[in-house]
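The structure displayed is predicted, hence computed values, not measured ones.
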Amino acid sequence: MAAQMKGLTLHAVNDLQLNTWPIPVPKEDEILVKIGACGICGSDLPRVYSLGAHVYPLILGHEFAGEVVQVGNPKDADLIGKKAAVFPLIPCRECDPCLSGNYCQCENYGYLGSRDNGGFAQYCLVPSRWHLIVTHNDDVDLEALCMTEPSCVAQHAIRMGHVSAGSNVVILGAGTIGLLAARWAKLFGAEQVVLTEVDPVKEQFAKEKGFIVVNSMNGDVSKTIHEIFGGKGADVVIEGTGCSGGINDAIQLAKVHGTVVLMGNPAKDTLLKLANHSLVLRKELTLQGIWNSNYSNTPINEWEYTVKMIETGQLETADLITHRVGIDDMKSLFDQIHNREVTICKAIYSASLDQAAV
């Protein structure tokens with residue numbers, strides 16, 4: 001009988017189960033990774049409870065890191081025992097975006113955790129070593145390393161917004177990616193960084209981490225932030241909520257010739273007020289959409305840079321993890337988050353908490 005593992009499996013909308021699966025055996029260029037930690041993404045919740053997945057059954061989870069334990073090709077034997085973050089996108093490598101290195105714009109892709117089995121399991125089969133960002137620090141914390149994917153999204157937003165030394169930056173939304181974007185902004189040399197938030201629990205958490213946070217439900221957020229910036233608007237506004245209120249606030253907060261980075265995924269139709277549409281024109285604002293991150297070496301592989309910053313301690317990530325459970329308690333944690341019984345920054349599956357490793 002094949003060795004078994006546990007995996008958090010979506011069988012249909014609102015049908016999430018902890019199942020037993022055979023541990024995959026790598027063939028050809030495939031790599032078997034023993035999962036150390038995997039984060040719950042905001043996109044995982046609608047995938048489970050409303051939108052569903054592209055295939056069933058499906059092991060969820062795309063924010064993960066682990067240790068290589070087996071390879072299909074002997075030429076990859078040097079990877080065994082190495083710790084790595086996993087790039088979950090599986091690009092076709094044939095469409096125009098792929099051929100220009102824009103893998104996240106691939107027109108025919110797979111994806112670990114949404115189209116292919118992912119990291120909410122004790123093991124995951126990765127297509128090839130190309131998907132691994134191996135750490136050079138053997139002592140790196142795999143919980144910190146599983147934060148690579150959201151850290152890359154946050155870094156990409158800062159790069160695409162052209163944040164540089166002396167910039168004043170506003171980030172709408174103090175969730176995981178918002179806080180990581182704030183840290184990247186400071187690493188990129190921003191002069192002042194202010195976050196906005198509506199949830200008092202998240203607001204307090206962010207303040208405890210040393211961030212300046214304005215509750216946008218209390219008074220005139222535009223007036224407050226302009227006062228913080230000495231009467232000026234923001235050079236760059238990162239819109240991380242995807243809601244109408246956030247987009248309208250972002251336009252008001254940006255200075256003349258400023259940049260608004262649209263990072264938050266919209267949950268429903270967004271409405272732009274007439275006065276703010278006019279401000280886009282009058283201020284000659286740049287509206288910059290972003291999607292995921294950059295895995296090409298041109299202009300820079302954001303994944304390699306993120307892993308370097310995590311493994312050297314220059315980018316702190318693990319302190320944003322507020323909830324961690326073993327594989328047996330993952331279904332319960334999903335339900336608690338969905339039912340708003342807990343407020344999280346980042347919640348993860350941590351293999352260190354498994355009751356009995358398979």
Participant: Between Lys6 and Trp21, is a side-chain contact (heavy atoms from CB on, under 4.5 Å) present by the stated rule, with each step listed?
Facilitator: CA-CA 6 Å; Lys6 296 177 180 179; Trp21 289 71; over 6 Å; no

Participant: Between Tyr349 and Asp354, does any side-chain donor sit less than 3.5 Å from a side-chain acceptor?
Facilitator: yes

Participant: Is Arg129 paired with Asp78 through a side-chain N to carboxylate O contact shorter than 4.0 Å?
Facilitator: yes

Participant: Output yes when a side-chain donor or acceptor of Ser167 lies under 3.5 Å from a complementary backbone atom of Val163, and no otherwise.
Facilitator: no

Participant: Checking side-chain polar atoms at under 3.5 Å, does Thr312 have a donor or acceptor matched by the opposite partner on Gln314?
Facilitator: yes

Participant: Distance check, rounded to the nearest 0.5 Å: Leu60 atom CG versus Leu16 atom CG?
Facilitator: 6.0 Å

Participant: Counting N and O atoms only, with roles assigned by atom type, does the side chain of Thr259 sit under 3.5 Å from a partner on the main chain of Val236, one being a donor and the other an acceptor?
Facilitator: no

Participant: Are His338 and Tyr49, when compared by the centres of their aromatic rings, separated by less than 6.0 Å?
Facilitator: yes

Participant: Counting neighbours of NE2 on His11 that are heavy atoms of other residues, nucleotides or ligands and sit closer than 6.0 Å, is the number greater than 12?
Facilitator: yes

Participant: State whether the number of non-hydrogen atoms from other residues, nucleotides or ligands found under 6.0 Å of Lys209 atom NZ is greater than 12.
Facilitator: yes

Participant: So, Ser296 and Thr298: side-chain donor and acceptor under 3.5 Å apart, yes or no?
Facilitator: no

Participant: Pairing donors with acceptors under 3.5 angstrom, does anything connect the side chains of Gln155 and Thr306?
Facilitator: yes

Participant: For atom CD of Glu208, is the number of surrounding heavy atoms from other residues, nucleotides or ligands below 6.0 Å larger than 12?
Facilitator: yes

Participant: So Asn102 and Ser100, side chain to side chain donor-acceptor pair (under 3.5 Å) or not? Walk me through it.
Facilitator: CA-CA 6 Å; Asn102 295 297; Ser100 59; 2.9 Å; yes

Participant: Cut-off 3.5 Å, side chains only: do Gln17 and Thr9 have a donor facing an acceptor?
Facilitator: no

Participant: Please check if the distance between the ring centroids of Trp130 and Phe87 is under 6.0 Å.
Facilitator: yes

Participant: So does Lys308 have more than 12 non-hydrogen atoms from other groups sitting under 6.0 Å from NZ?
Facilitator: no

Participant: State whether the number of non-hydrogen atoms from other residues, nucleotides or ligands found under 6.0 Å of Leu274 atom CG is greater than 12.
Facilitator: no

Participant: Looking at Gln192, Lys255, His257, which hits side chain to side chain donor-acceptor pair (under 3.5 Å) with Asp235?
Facilitator: Lys255

Participant: Phe120 and Phe334: ring-ring contact (aromatic ring centres under 6.0 Å, His included), yes or no, with the steps?
Facilitator: CA-CA 12 Å; Phe120 286 136; Phe334 260 83; 5.8 Å; yes

Participant: Working to the nearest 0.5 angstrom, can you tell me the gap between Leu172 CG and Met263 CE?
Facilitator: 9.0 Å

Participant: To the nearest 0.5 Å, how far apart are CG in Leu142 and NZ in Lys83?
Facilitator: 5.0 Å

Participant: For a quick check under 3.5 Å, do Tyr109 and Arg115 share a side-chain donor-acceptor pair by atom type?
Facilitator: yes

Participant: If you measure from CD1 on Ile40 to NZ on Lys346, what distance do you get to the nearest 0.5 Å?
Facilitator: 8.0 Å

Participant: If you measure only the distance, is there a donor-acceptor pair under 3.5 Å linking the side chains of Gln252 and Asn276?
Facilitator: yes

Participant: Does atom CG of Asp96 have more than 12 heavy-atom neighbours, drawn from other residues, nucleotides or ligands, at distances under 6.0 Å?
Facilitator: no

Participant: Kindly determine whether Leu187 and Met309 satisfy side-chain contact (heavy atoms from CB on, under 4.5 Å), including the steps that lead there.
Facilitator: CA-CA 10 Å; Leu187 287 168; Met309 296 296 279; 3.9 Å; yes

Participant: Any donor-acceptor pair under 3.5 Å linking the side-chain atoms of Ser151 with those of Trp184?
Facilitator: no

Participant: Taking atom CD1 of Ile171 and atom OG1 of Thr196, what is their separation to the nearest 0.5 Å?
Facilitator: 9.5 Å

Participant: Does atom NZ of Lys82 have more than 12 heavy-atom neighbours from other groups under 6.0 Å away?
Facilitator: no

Participant: Between Glu302 and Ser293, does any side-chain donor sit less than 3.5 Å from a side-chain acceptor?
Facilitator: no

Participant: Let me confirm one number: the CE-SG distance from Met147 to Cys152, rounded to the nearest 0.5 Å.
Facilitator: 11.5 Å

Participant: For Lys75, I'd like to know if atom NZ has over 12 heavy atoms of other residues, nucleotides or ligands within 6.0 Å.
Facilitator: yes

Participant: Would you please indicate yes or no on a ring centroid separation below 6.0 angstrom for Phe205 and Phe211?
Facilitator: no

